[in-house]
Protein chains: 2
Amino acid sequence: MPAIPARNTGAHVVYAELKRRILSLDLKPGERIYEPAMATALQVSRTPLREAIRRLISENLLEQQPTGGVVVPVLDEAEISELYEVRAAVESLMARNACLKATPADLGELHGILARNAALVEFADDAMQQGMALHARIALIAGNSWAGRFHEQVASQMERYRHYTNSTQRRRDQALAQHRALVEAIAAGDPERAAKVAFEHVMGARDAAVRALSGKNGAGS
Amino acid sequence: MPAIPARNTGAHVVYAELKRRILSLDLKPGERIYEPAMATALQVSRTPLREAIRRLISENLLEQQPTGGVVVPVLDEAEISELYEVRAAVESLMARNACLKATPADLGELHGILARNAALVEFADDAMQQGMALHARIALIAGNSWAGRFHEQVASQMERYRHYTNSTQRRRDQALAQHRALVEAIAAGDPERAAKVAFEHVMGARDAAVRALSGKNGAGS
DNA sequence: ATCAGCGTACTTGTATACAAGTACGCAGGC
DNA sequence: GCCTGCGTACTTGTATACAAGTACGCTGAT
C-alpha cells in the first residue's frame, strides 16, 4: 500500500547530523537552536528539521524550555552520576540474563574482546572502545531488546560527558580486572555473581567519573 | 526572545489523545495509522499529527514499518517479560537509592500507602493502583530522574498488557507482603536488602503475568 | 480463463506560506 | 536621566500545496 522513500529521508540525515554535533559538543550545552538559521545551514526546510529536533527532544538530547525554544541541555555533575547508576542497573540485568543464554560461541567472542581489551589497556580511547564493545556484546547475548534500547540511550547521553572524564591508568587496570571477573561469572553460569560484578563495576566507573569531574570542578579548562 | 503558544499546542493535545487510544487498546495492536484520515478525525492538519506520531514512535508506542507506514505495535508475550525485567532492574536501583535518601516524612508516606494498599487488597484494580503509587513514591524518594523517566516509559508500555494480566487474589496477597518487606528494608536503611526485595518482587510479578498470559494463550477471551 | 503490463490513485515526505504572540528597542514625557 | 508605553521584528506553530514513489486494479492478449 504505502510508499517509502528508501529510509534515507532528509529528516533522518538531519537527525544524525544534529545528534553528532550534540554528542561531540560541537553544539555547546546551553546553546539555543533557531529553526530558520539551522534549516538553511543544513540545506533543508524547517519541516524535516523540526522532525529531527522533536525526536532529539524525546531522547533528551535536546530540551524544550518552558519559556519556549529548544536548547542543548547543560551538563550537570549530578546527572552523570544518575546515568551511571541506571547503566549499572541495566547492565547488571543484562549480565544476569547473559548467564542463562550464552552459548559456547558467545563465550569465545567475549574472551576475544577481553584479549583485545587487555592489549589496549594503556590507550585510554581504545580501552574505552573495547570496554563498550564488551558491554554491547553482553547486551546482545542477554537478548532483552528493551534493556538494549535503554542502555543505548544512556550510553549516548554519557558520550557528552566523556570529554571531561578521562580515565587514569589505574582505573583502566581495575576495569580490565572487573571485565575479566564479569566474563568469568558469565562463563561459570552464575547469574547472581555476574549481576553483582556488573553492578559494582559500573558503580566503580561512576565514582571514578565523578572524581574526575569534581577534580576539574566543572568543565572548561 | 522567543514566543511560546502557551504549551497547549495542538501537537501536544494530539499526542495525549493518541497515547490514550494506544494504551487503552482503542487503537488495536497491528492497526495502521493513515495520516490524512487521522488528521481529519482529530480536527487538525497533518503537521501537528505527524509531530505527535513521531514522538510516539520515539517512545515505542508506535512503530515505523520498514515497508513504510506506522502501525500500533503488536503485543508479544516475550516483550512483556522483557519489560518486567527492565522494571525490576530499575525499581531495584530506586529502592537502593531510596534507602539512602528517605526522610522520616517519606517513611510515613510509604506506610500510609501501604495501609491503603492493605485495605484494598481484594479489589484488583484499586490494589494495582495503590501498588503503582507505592512504586511511584519510591521513585520520587530515590531522586534519580533518569531512572524515573525509564520507569515511566516501561509503565506506559505495560499498560497495554494490563487488560490481559488480571491478578489473582493469591498474587495480590503475595505482592502486599513483598511491599511490606520492601518498605521495611527501606525503613531499616538496608540498601542491599531493599534492592533484592524490589527485584524479586517485580520478577515475581513477571512470572505471574506470564502465567496469566500463557494461560489464555494470547489475548482474546 | 489466466497472466502480464501499464495507468491511476493513494501514500508519505518536503517546502512554503500564513498566523499568533512575545520580547526587545526606541521615542517621548516626567 | 530615567521610566513607561507602543511599535516592530523575530520567533515558533499550523495549514496547505507540491513531489516522488509504490502497489493495486484494470484491460488486453494469448
Side-chain angles (χ1 to χ4, degrees), chain A residues 1-22 27-74, chain B residues 1-22 27-74:
Chain A
M1 300 146 173
I4 194 162
R7 196 58 28 203
N8 272 28
T9 65
H12 280 255
V13 176
V14 170
Y15 164 81
E17 174 61 15
L18 277 184
K19 182 172 179 178
R20 188 193 65 74
R21 292 194 190 184
I22 292 169
L27 282 171
K28 296 193 180 17
E31 187 171 345
R32 177 168 172 184
I33 292 184
Y34 295 88
E35 294 178 4
M38 184 61 77
T40 56
L42 294 179
Q43 307 265 15
V44 292
S45 76
R46 279 179 58 214
T47 308
L49 171 63
R50 273 179 71 89
E51 189 167 316
I53 287 177
R54 305 317 254 217
R55 184 169 165 197
L56 289 164
I57 290 174
S58 285
E59 297 175 8
N60 294 285
L61 287 171
L62 285 177
E63 201 171 34
Q64 176 126 22
Q65 289 196 311
T67 72
V70 302
V71 299
V72 181
V74 297
Chain B
M1 302 146 173
I4 194 164
R7 195 59 28 204
N8 272 27
T9 65
H12 280 254
V13 177
V14 169
Y15 164 80
E17 173 62 15
L18 278 184
K19 181 171 178 178
R20 188 192 65 75
R21 293 195 189 183
I22 293 169
L27 281 171
K28 295 190 180 22
E31 188 171 344
R32 177 167 173 184
I33 291 184
Y34 295 89
E35 294 178 4
M38 184 61 77
T40 57
L42 294 179
Q43 308 265 15
V44 292
S45 76
R46 280 179 57 214
T47 308
L49 171 64
R50 272 179 71 89
E51 189 167 318
I53 288 176
R54 304 317 255 212
R55 184 169 165 196
L56 288 163
I57 291 175
S58 284
E59 297 175 8
N60 295 285
L61 287 170
L62 284 177
E63 201 171 36
Q64 176 126 24
Q65 290 196 309
T67 72
V70 304
V71 297
V72 182
V74 296

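Remember, predicted model here, so these are calculated numbers, not experimental data. So you know, we letter chains A, B, ... as the sequences are listed, proteins then strands, and number each from 1.
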Round to the nearest Å and state the distance from B:E51 atom CD to C:dT12 atom C1'. 17 Å
Choose from D:dG13, C:dT11, D:dA15 the nucleotide whose nearest atom is closest to any side-chain atom of B:V44. D:dA15
Under a 4.5 Å cut-off applied to non-hydrogen side-chain atoms, are B:E35 and B:I53 in contact? yes
Between CD1 of B:I57 and P of C:dG13 the distance, given in whole Å, is 8 Å
Measure the distance from CD on B:E35 to C1' on C:dT14 and round it to the nearest whole Å. 12 Å
How close do A:P29 and A:P73 get, heavy atom to heavy atom, and via which atoms? CB-O, 3.4 Å
Of the listed nucleotides D:dG13, C:dG13, D:dT12, the one nearest the side chain of A:Y34: D:dT12
Let me confirm one number: the NZ-CG distance from B:K19 to B:L62, rounded to the nearest 0.5 Å. 11.5 Å
One should read off an interatomic distance between A:L27 CG and A:L56 CG, to the nearest 0.5 angstrom, of 10.0 Å
CD of A:Q65 versus C1' of C:dA23: gap in Å, rounded? 15 Å
Among D:dT14, D:dG13, C:dT14, the nucleotide that comes nearest once only the side chain of A:Q64 is considered: D:dG13
May I ask you to say what A:I33 touches in the nucleic acid, namely base, sugar-phosphate or nothing, with a heavy-atom cut-off under 4.0 Å? sugar-phosphate
With a 4.5 Å heavy-atom cut-off, do B:R54 and A:R54 have their side chains touching? no
Please check the phosphate of C:dT11 (OP1 and OP2 only) for any side-chain N or O of B:R50 closer than 4.0 Å. no
May I have the distance from A:R55 (atom CZ) to C:dG13 (atom P), rounded to whole angstrom? 12 Å
Rounding to an integer number of Å, can you tell me how far B:L49 CG sits from C:dT12 C1'? 12 Å
For A:R55, salt bridge (charged side-chain N to carboxylate O under 4.0 Å, His left out) partners two or more places apart: A:E59
Within this structure, what is the CE-to-P distance between B:M38 and C:dT12, rounded to whole angstrom? 11 Å
Roughly how many Å is it from CZ in A:R32 to C1' in C:dA23, rounded to a whole number? 11 Å
Short heteroatom pairs, N/O only, protein and nucleotides 16-18 of chain C, under 3.5 Å:
unit_1	atom_1	unit_2	atom_2	d
C:dT16	O4	A:T47	OG1	3.4

Test B:L49 against B:L18 for side chain to side chain contact (heavy atoms under 4.5 Å, CB included), laying out the working first. CA-CA 9 Å; B:L49 171 64; B:L18 278 184; 3.9 Å; yes
